[in-house]
Every structure is written in structure tokens, then in C-alpha cells.
K.L.:
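Following this message is one structure expressed as C-alpha cells.
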Amino acid sequence: MVKLNEKFLHGFVSAEEIENIRSAASDAHTKLVNGTGEGNDFLGWVRLPENYDKEEFARIKIAAERIKQNSDILVVIGIGGSYLGARAAIEFCKSPLYNNLKKDTPDIYFAGNNISPTALTELLSICEGKDISVNVISKSGTTTEPAIAFRVFKSLLVEKYGEDGAKDRIFVTTDKARGTLKQFSDKAGYETFVVPDEVGGRFSVLTAVGLLPIACAGIDIDALMLGAQTAMKQFESFDLDNNAAVRYAVIRNILLGKGKNTEILVGYEPYMLMLNEWWKQLYGESEGKDGKGIFPASVVFSTDLHSMGQYIQDGQRNLFETVISVDNPGAEFVIPNDPANVDGLNFIAGRELDYVNKTAQTATIVAHNDGGVPNLLLNVADRTPASLGYLMYFFEFACGISGYILGVNPFNQPGVEAYKKNMFALLGKPGYEDMKNELEARIFG
């Protein structure tokens, strides 16, 4: 379902260089598959497509049907890995305009991923007069952004439906047994789903974290899991010549060794935007530590060719591109003929618009190659849930391999707590008084 095309790496990466990293790649593969590397307590995602909780999976589908039947809007509250995967899946399989389409599923809005009073006020306005359900996703329940949003929407539902009515419209995805949110949910009688202890947030899209919102959008989550399972079985054996996930990890590390320390993920459809964002968290949070890592950036062409194209073509030569090309975009549109030919485009009249898009893709790759930019091409069959499940697992598996080759623990994120501590101190959270004084002296002194 995903094919790795290396023809646009010619002159940038040689077969000998790939062979030279075989031992490191094999060692990384062993660590990931056998669970012998750093962070091995967060490897539950590796076998997840096969070993997922079938009873909970069934409950997710039942809950999704209930939400679809009684709700105009589902508000999904979460940040980072708690929302990016679901939003990426909905936009990839359905549309970035999903909420504006004619459909028999609820509109889905995402909250708790910022601290914007404007965004929260606008969403509350959209919800006026609508039947609403809420899916709050948080391991602890105390993360600032989603906690604020849940506080607001919980109050809204209680006011609108009463305590008992709200209870049937609040779905909580949290820790299996611990944490403030789990304890509160059990006491309130909310239905709960599990954020597995052994699966980190950025790898959690195929758990209840992603599956409930995805199912509410009418996406076949059985097919999504089957696609991931197909990828899992293909990648579990080490084969440097044929294992696309391993080769992708190897090639990007070779390019890093040549000073290519920025990777740009390129899509050619607007529905790629949030998948790009999901990918950036996956790789940025997994590899960016110990002074190491490839900086993950993204663009959507041809739109961004008119803003970032100049830099990519002629700027610093510290970057490479990974292009995702969807063979079947899921829509057909023929360019009409204009008798007056005012725009001079009758030479493409009668052509499929996707043909022009694919031609722009090829022309751009060749131009960027000529400008000194290596390109990896990932061909994805279509926009089906099975293809997306395969693609997401491909990126997850390759991320684990790449991190181990790089020499970091791909499954921790020690750097994300620094800003939180500063924010808590400046806001006056109890226990941070000394830190507050020190920070204020630095800022205002």
C-alpha cells in the first residue's frame, strides 16, 4: 500500500552507503521488534494492530454509533498526540472541509489544543442550539490546555442536559486506573476508554485516543487497523533491500550525516495538511534530543511552491524532501475547454486535473533535484482507511528505527516539561513560589 521510490536520490545516496549502515539498521530493528532498546516500556504500539483490546474496540464502535445518532457536534478535547492523529485521519480519508460536507455523521471540532480565548469563544458560538457530545482525551486530566476546555464544555453540557444527561454525552479517554481524570470520571459515571501505559501519545492514533473520533466521522476503523496490521507483518522481518520502513530510516540518517538536517514532508493535496502536522510531532518529539535530530518541516504543494519554493530551490542546501504521492486521489475533474482561450490553457483542456497535479509533482521533484535537494518518493495507493493505517504504521515503525540508529531514545520527551514549569510558576501555581521569584527577576529585572 506504500512504495518507496528512490530514483530521485541518485547522486545523493549510494548503494554502498546504504550497505555500510546495514549493521546499525539491523541492531535498531532488533531493539524495536524484540523490545531491548531504550524506552522499551513504550513499545506497546509495535504489536498493537494485532494485539489491540477487542472488547474496548467493540465499545468504541457502539459509542460512535450513539454519538452519531444523538449529536450534531462532537467536540474532541486534547493536545498533541491526543488530537493530531484523529484530525489527520478525518481530513485524509474524508476532507479538510469535513464539517461543511453533506453527511450523516456529526461535525467534529477540536478543542483544548491551544489557550486562545478567541478560538474557544468561536467554538462555543458554533455549538449554540446544537446537540453536543464531548470526548476528552488526557492521560492525567491536568494538562492545562485540555483541562481548561473540558472545564468549560462539561459545564455547558450539565447546564444544557442536566447531570444525568451530560453523563451520557461525555466520553473520557484516559489512564486505565490512575490519575485525576480517571477518578473523576468513574465517580461521575462517564464512559471511559484507555490510553495504554505502554503507548506514548504520539504513537497512540490506533488506540481509543484516535479511534473514537475517527469512527464518529464514519471511517471504517476495522479497515484502518487491518492496513496497520499488514504493515506490521511486512516490517517485522529485517530485510534492508525490501523493508521500506527500514530503508527510509537508513536513508534519512545517511542524509543527516551529509549535513541534510531538515526534512520536508511534501503533500500535493490539501487533505495532507494535518497528516503533515501529525508526522512533525512524531519525528520531532522522538528524535529531537541530546543535541541531535532531523528538523521536521512540511509543505503542501503546489500551494506552497508560491511561498516556500524559492527557498527550497535555491536556499541553504541542508534539506531533503519526502514526497507523498497518492495514486488515486478519490475524485475526478476534467479541465473544461474555453473557446476564447483567454488564459491560454486550452492545451490542457480535456485533461484530468489530477494529471496536471501529478505533472507538477514530477516537474518540481526534478527541479529540486537539479537544485541540490535529495527527494524520497512515497507512493500511497489511495485515501482508504486501510492505506492510511498502513502509512501511519510505516512512519511509526521507521521513526523507532531511525531514532535508534541516531543514538537517542525515541520514546521519551524530556524537553517538553520546561515551558510548563515556567508557566505554572508565572501563573502562581502552589509549590512554584521560589521559581516564580527567580523567573520574574530574570524577566523584569
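The basis for the numbers below is simple: all heavy atoms, side chains too, and nothing from hydrogens, waters or symmetry mates.
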K.L.:
Between Arg178 and Asp197 (salt bridge meaning N to carboxylate O under 4.0 Å), is one present in this structure?
P.N.:
yes

K.L.:
Mind running side-chain contact (heavy atoms from CB on, under 4.5 Å) on Leu282 and Phe203 for me, showing each step along the way?
P.N.:
CA-CA 7 Å; Leu282 179 66; Phe203 290 87; 3.7 Å; yes

K.L.:
Ring centroids only, cut at 6.0 angstrom: are His29 and Phe397 within range, meaning strictly under it?
P.N.:
yes

K.L.:
Between Leu157 and Val134, is there a side-chain heavy-atom distance shorter than 4.5 Å?
P.N.:
yes

K.L.:
With Arg169 as the cation and Phe171 as the aromatic partner, state whether NZ or CZ is under 6.0 Å from the six-membered ring centre and within 45° of the axis.
P.N.:
no

K.L.:
Any chance you could measure Leu211, atom CG, to Leu224, atom CG, to the nearest 0.5 Å?
P.N.:
6.5 Å

K.L.:
Output yes when Glu91 and Arg383 qualify as a salt bridge under the 4.0 Å nitrogen-oxygen rule, no when they do not.
P.N.:
no

K.L.:
Looking at Arg66 and Asp168, does any basic side-chain N land under 4.0 Å from a carboxylate oxygen?
P.N.:
no

K.L.:
Whether the Gln361 and Asn357 side chains hold a donor-acceptor pair (N or O, under 3.5 Å, no angle test) is what I'd like checked.
P.N.:
no

K.L.:
Any chance you could lay out the side-chain hydrogen bond (donor to acceptor under 3.5 Å, both in side chains) test for Lys7 and Asn375, step after step, and finish with the verdict?
P.N.:
CA-CA 8 Å; Lys7 65 182 177 182; Asn375 269 247; over 6 Å; no

K.L.:
Does Arg351 make a cation-pi contact with Tyr355, if we ask for NZ or CZ under 6.0 Å from the ring centre and within 45° of the axis?
P.N.:
yes

K.L.:
Indicate the atoms forming the closest heavy-atom contact of Gln234 with Asn243, along with that distance.
P.N.:
O-ND2, 4.1 Å

K.L.:
Hey, does the side chain of Gln281 reach the backbone of Gly81 with a donor-acceptor pair shorter than 3.5 angstrom?
P.N.:
yes

K.L.:
Checking Asp239 against Ser237: is there a side-chain donor and acceptor pair closer than 3.5 Å?
P.N.:
no

K.L.:
Salt bridge or not for Glu263 and Arg252, using N-O below 4.0 Å?
P.N.:
yes

K.L.:
Please step through side-chain contact (heavy atoms from CB on, under 4.5 Å) for the pair Phe320 and Ile264, ending with a clear verdict.
P.N.:
CA-CA 6 Å; Phe320 67 98; Ile264 303 175; over 6 Å; no

K.L.:
Return yes if some donor-acceptor pair links the side-chain N/O of Ser116 with the main-chain N/O of Thr118 below 3.5 Å, else return no.
P.N.:
yes

K.L.:
Using the ring centroid of each side chain, check whether Phe235 and Tyr390 are separated by less than 6.0 Å.
P.N.:
yes

K.L.:
Under 30°, 30 to 60°, or over 60°: which ring-plane class applies to Trp45 and Phe411, parallel, tilted or perpendicular?
P.N.:
tilted

K.L.:
Think Lys258 forms a cation-pi with Phe12, using NZ or CZ under 6.0 Å from the six-ring centre and within 45 degrees of its axis?
P.N.:
no

K.L.:
Take Asp338 and Asn341 through the side-chain hydrogen bond (donor to acceptor under 3.5 Å, both in side chains) test and state the conclusion after the steps.
P.N.:
CA-CA 5 Å; Asp338 177 10; Asn341 197 25; over 6 Å; no

K.L.:
Please assess Thr36 against Asn34 for the test side-chain hydrogen bond (donor to acceptor under 3.5 Å, both in side chains), listing each intermediate value before the final yes or no.
P.N.:
CA-CA 6 Å; Thr36 56; Asn34 294 346; 5.6 Å; no

K.L.:
Taking the basic N atoms (NZ, or NE/NH1/NH2) and the acidic carboxylate oxygens, is any pair closer than 4.0 Å for Arg247 and Glu6?
P.N.:
yes

K.L.:
Would you mind reporting whether Tyr393 and Gln229 have side-chain heavy atoms less than 4.5 Å apart?
P.N.:
no

K.L.:
Report yes if the side chains of Phe42 and Val199 come closer than 4.5 Å at any heavy-atom pair, otherwise no.
P.N.:
no

K.L.:
For Arg59, is there an ion pair with Glu191 - N to carboxylate O distance below 4.0 angstrom?
P.N.:
yes

K.L.:
Any side-chain heavy atom of Phe238 sitting closer than 4.5 Å to one from Thr30?
P.N.:
no

K.L.:
Regarding Asn412 and Lys289, is there a side-chain donor-to-acceptor distance under 3.5 Å anywhere?
P.N.:
yes

K.L.:
Quick one: do Glu50 and Lys233 make a salt bridge, cutoff under 4.0 Å?
P.N.:
yes

K.L.:
Strictly by modelled atom types, are Tyr98 and Thr105 linked by a side-chain donor-acceptor pair under 3.5 Å?
P.N.:
yes

K.L.:
Could you tell me if the side chain of Lys292 sits less than 4.5 Å from the side chain of Glu287, heavy atoms only?
P.N.:
no

K.L.:
Hey, mind stepping through Asp131 and Ser71 against side-chain hydrogen bond (donor to acceptor under 3.5 Å, both in side chains) and telling me if it holds?
P.N.:
CA-CA 5 Å; Asp131 281 318; Ser71 301; over 6 Å; no

K.L.:
Evaluate the side-chain proximity of Ile108 to Cys216: yes if any heavy-atom separation is below 4.5 Å, no if none is.
P.N.:
yes

K.L.:
Given Lys260, which partner from the list Leu255, Val13, Ile254 fulfils the side chain to side chain contact (heavy atoms under 4.5 Å, CB included) test?
P.N.:
Leu255

K.L.:
Given Asn253, which partner from the list Ile294, Ile401, Ile405 fulfils the side chain to side chain contact (heavy atoms under 4.5 Å, CB included) test?
P.N.:
Ile405

K.L.:
Tell me, do Thr207 and Val195 make a side-chain contact under 4.5 Å, heavy atoms counted?
P.N.:
no

K.L.:
Please confirm whether the backbone N or O of Ser23 pairs with a side-chain atom of Asp27, one donor and one acceptor, at under 3.5 Å?
P.N.:
no

K.L.:
When you measure from the centre of the six-membered ring of Phe184, is the NZ or CZ of Lys182 closer than 6.0 Å and no more than 45° off the axis?
P.N.:
no

K.L.:
Would you please test Lys130 and Asp107 for salt bridge (Lys or Arg N to Asp or Glu O under 4.0 Å) and show each step?
P.N.:
CA-CA 10 Å; Lys130 304 291 180 65; Asp107 291 348; 5.3 Å; no

K.L.:
Any non-hydrogen side-chain atom of Asn276 less than 4.5 Å from a side-chain atom of Trp278?
P.N.:
no

K.L.:
Donor-acceptor pair, Ser387 side chain versus Thr384 backbone, under 3.5 Å?
P.N.:
no

K.L.:
Do the side chain of Asn113 and the main chain of Ile79 share a donor and acceptor less than 3.5 angstrom apart?
P.N.:
no

